[in-house]
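Notes to accompany the following structure.
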Amino acid sequence: MRSDTVTKGMQQAPHRSLFNALGYTKEELQRPLVGIVSSHNEIVPGHMNLDKIVDAVKMGVAMAGGTPIVFPAIAVCDGIAMGHIGMKYSLVTRDLIADSTEAMALAHQFDALVMVPNCDKNVPGLLMAAARINVPTIFVSGGPMLAGHVKGKKRSLSSMFEAVGSYTAGTMTEEDVCEFENKVCPTCGSCSGMYTANSMNCLTEVLGMGLSGNGTIPAVYSERIRLAKHAGMQVMELWKNDIRPRDIMTEDAILNALTVDMALGCSTNSMLHLPAIAHEIGMDFEIDFANGISEKTPNLCHLAPAGPTYMEDLNEAGGVYAVMAELNKKGLLHTDCLTVTGKTVSENIAGAVNKDPEVIRTIDNPYSTTGGIAVLKGNLAPDGSVVKRSAVAEEMLVHEGPARVFDCEEDAIEAIKGGRIAAGDVVVIRYVGPKGGPGMPEMLNPTSAIAGMGLGSSVALITDGRFSGASRGASIGHVSPEAAVGGPVALIEEGDIIKIDIPGLKLELDVPEEELEKRKKAWEPRQPRITTGYLARYASMVTSGNRGAILEVPKNK
């Protein structure tokens, strides 16, 4: 056992004395030491129930003959961090989580790990760590929130942000907003639409790192406690059979995740996280993969914010395995991939049934014949940009209009809420990329303000930042290269015509090449907004959005 390094032999007597101080018995130290990475805290609604999940995992591990040992991982609530300096600290935690978990797991020589994440950056951060550490590992999340009910309709967090925009537009009263405020988030759990947290928890199932139901069983269901116990038991089977994350998270598994991403209509943040996870297994992930897979993968689900269904509905319809079974009818998955069940994808989904074709469209009756995410390129985004195609109104799939240029989110919101943005405009928010933000903040407030002001089907938004999974509309993010490194998005001037062609995968600035060259020569880098602390270090190491905003040691010049 790996833990023999700290528990066996005369040289380890000092180590054992410290385990004695912790109250561990000789019998416990003779068993595999299983680290349980707990993301529990009291500030993230999706994490407030993780103490119960962790307790269930501990019981499962102990029942199966292991010694469970808990250590923590941090978590940021993107919703609470939204719209202020806190949003700069969201994406950057992905690497803190991966790094700190690697440090704890290797410093203490755990034999196996159970990852207990839930919200946005914990899931990819811990998947990255699992690939690095490469000891037998399983995931069990905290589960999604139930949808709220307001005025006879199911609602979620995106409805709340849009309600604020509607109030500004004069179409909703303060009393209406208060009702939304008190009802849209009715339980613990990750917010109830197909936002980033739920996207990544579903894709964890597809990658083979979580048991069936990991992405969809609601947080408040006792079924999730049972799932956690089974995860604790199953990690011991993985240990006994020496099945490790890199045996499971192969290149084919990553491509499976991208395929199901297209069918589910996941958050565009998956196009940051899948490349980062792929990087940890040594896979060269180009975001252009998305278009090739999208061409042959139908979009089967329109969960909020793209449509009126929620995670609880997907769960009742058969969950992720039912979606995978539909895709497999046309041979769109690599079904021989190994999973944490000890079985292949083919074996896992053999009995899966689509119980509600209104929630999960059949393979022959999709919402669209192409997937939910598109990568656009052109002279405005030579290295690519990302849009959640399944959440774009039909009339906005092809659009051109004058650029309304803002160098920060706050100025854009002021203009939107001040009525200075008109139908047909293309709002550009730049210098908010991985380096420029720094931290690539989400632009949920501007997109929600646009939707709330009644402009969601007539105004586009382009940014080198990113979007929340709760964003909808013609919201094009991850524009690469970003403005902070002199990408073409830095050269846009007020009134320039921008052409968007989502079906044609094009994003163009209608300005002559010689004029762009002239502007490029005159462009000067901006002084960093933050020059101390973690964000400054992050900005010095982070790569472009098209590479997943991974960290690299700067090369000597």
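If you read the sequence from its start, that first residue is 1, and numbering goes on from there.
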Mind checking whether Ser90 and Arg466 have side chains closer than 4.5 Å, heavy atoms only? yes
**Prompt:** Any side-chain heavy atom of Leu91 within less than 4.5 Å of one from Arg94?
**Reply:** yes
- Query: Can you list the steps and then say if Glu312 with Asn315 is a side chain to side chain contact (heavy atoms under 4.5 Å, CB included)?
  - Reply: CA-CA 5 Å; Glu312 62 204 63; Asn315 187 62; 5.5 Å; no
Nearest heavy-atom contact between Asp111 and Ser3 is OD2-OG, 2.6 Å
Met48 atom CE, over 12 foreign heavy atoms within 6.0 Å
no
Val479 and Leu507 have their tightest heavy-atom pair at CG2-CD2, 4.3 Å
>> Using only atom types and a distance under 3.5 Å, with no angle test, would you say the side chain of Glu316 pairs donor to acceptor with the backbone of Asp313?
In response: no
The reported gap from OG1 in Thr196 to CG in Asp120 (rounded to nearest 0.5 angstrom) is 4.5 Å
Short side-chain to backbone donor-acceptor contact, Arg224 and Gly213, under 3.5 Å:
yes
- prompt: Are Arg31 and Glu28 within salt-bridge range, i.e. N to O under 4.0 Å?
  reply: no
Heavy-atom nearest pair, Asn49 first then Gly46, reads OD1-O, 3.5 Å
Is the backbone N or O of Ile550 less than 3.5 Å from a side-chain atom of Thr543, with the two atoms forming a donor-acceptor pair by type? yes
Residue pairs passing the ring-ring contact (aromatic ring centres under 6.0 Å, His included) test with at least one member in residues 299-339, sequence neighbours excluded, are His302-Tyr367
Ile476 versus Thr463: any side-chain heavy-atom pair under 4.5 Å? no
Give a yes or no on whether the backbone of Gly545 and the side-chain of Glu482 come within a donor-acceptor separation of less than 3.5 Å.
no
Margin query: Are Ile243 and Val340 packed together at the side-chain level, in the sense that at least one heavy-atom pair is separated by less than 4.5 angstrom?
Written below: no
Could you tell me whether Asp78 and Lys121 make a salt bridge, using a distance below 4.0 angstrom between a side-chain N and a carboxylate O?
yes
* Can you find a heavy atom in the side chain of Leu146 that is under 4.5 Å from one in the side chain of Tyr221? -> yes
Of all heavy-atom pairs linking Glu326 and Ile363, the shortest is OE1-N, 3.0 Å
CE (Met283) and CZ (Phe289) are apart, to the nearest 0.5 Å, by 5.0 Å
(request) Let me see the working for Ser544 and Ser480 under side chain to side chain donor-acceptor pair (under 3.5 Å), right down to the final yes or no. (result) CA-CA 6 Å; Ser544 177; Ser480 302; 3.0 Å; yes
List the steps, then state whether side chain to side chain contact (heavy atoms under 4.5 Å, CB included) holds for Lys154 with Ser192.
CA-CA 10 Å; Lys154 284 186 177 182; Ser192 56; over 6 Å; no
| query | So, the side chain of Ser385 versus the backbone of Leu376: is there a donor-acceptor pair under 3.5 Å, distance only? | reply | yes
Does the Asp252 side chain pair with the main chain of Cys337, one donor and one acceptor, at a distance under 3.5 Å?
no
Open item on the list: Working note: Leu272 + Met440, criterion side chain to side chain contact (heavy atoms under 4.5 Å, CB included); need CA distance, chi angles, decisive distance, verdict.
Closed with: CA-CA 11 Å; Leu272 286 173; Met440 205 179 184; 3.8 Å; yes
Q. Just checking, any donor-acceptor pair under 3.5 angstrom between side chains of Thr204 and Asn214?
A. no
Regarding Lys329 and Asp364, does a basic nitrogen lie under 4.0 Å from an acidic carboxylate oxygen? no
Exam field: side chain Asp464 to backbone His478, donor-acceptor pair closer than 3.5 Å: no
Could you walk me through whether Lys377 and Asp288 satisfy the salt bridge (Lys or Arg N to Asp or Glu O under 4.0 Å) test, starting with their C-alpha distance in whole Å, then the side-chain angles of each, then the deciding distance to 0.1 Å, before giving a yes or no?
CA-CA 9 Å; Lys377 284 191 172 183; Asp288 286 10; 3.0 Å; yes
Less than 4.5 Å apart, side chain to side chain, heavy atoms only: is that true for Thr309 and Leu314? no
dist Asn546:CG -> Met271:CE (nearest 0.5 Å) comes out at 10.0 Å
Checklist line | Donor-acceptor under 3.5 Å (Asn198 side chain, Tyr195 main chain) | finding: no
Would the distance check show the side chain of Asn122 and the main-chain N or O of Asn118 forming a donor-acceptor pair, the cut-off being under 3.5 Å?
no
Less than 4.5 Å apart, side chain to side chain, heavy atoms only: is that true for Met324 and Val260?
yes
In terms of heavy-atom contacts, Asn41 and Ile43 come closest through OD1-N, 3.1 Å
A side-chain contact here means heavy atoms from C-beta on lying under 4.5 Å apart; do Ser294 and Arg389 qualify? yes
Between Ile281 and Thr250, is a side chain to side chain contact (heavy atoms under 4.5 Å, CB included) present by the stated rule, with each step listed? CA-CA 7 Å; Ile281 66 165; Thr250 61; 5.6 Å; no
The test is side chain to side chain donor-acceptor pair (under 3.5 Å); show your working for Glu205 and Asn348 and say whether it passes.
CA-CA 10 Å; Glu205 284 191 52; Asn348 285 344; over 6 Å; no
Does the side chain of Ser346 pick up a donor-acceptor pair with the side chain of Thr344 at under 3.5 Å?
no
*Report, as yes or no, whether the 6.0 Å neighbourhood of atom CE on Met59 holds more than 12 heavy atoms from other residues, nucleotides or ligands.*
no
In this structure, CD1 of Ile248 is separated from CG of Leu238 (nearest 0.5 Å) by 6.0 Å
Taken to the nearest 0.5 Å, the spacing of Met115 CE from Ser141 OG works out to 14.0 Å
Check the surroundings of atom NZ in Lys343: do more than 12 heavy atoms from other residues, nucleotides or ligands lie under 6.0 Å from it? no
Salt bridge Arg132-Asp99, side-chain N to carboxylate O under 4.0 Å: yes
Sub-3.5 Å donor-acceptor pair from the side chain of Asn299 to the main-chain atoms of Met262, do we have one?
yes
Scanning both residues in full, the closest heavy-atom pair of Ile373 with Ser270 reads CD1-OG, 3.7 Å
To the nearest 0.5 Å, atom CD of Glu552 lies from atom CE of Met541 at 9.0 Å
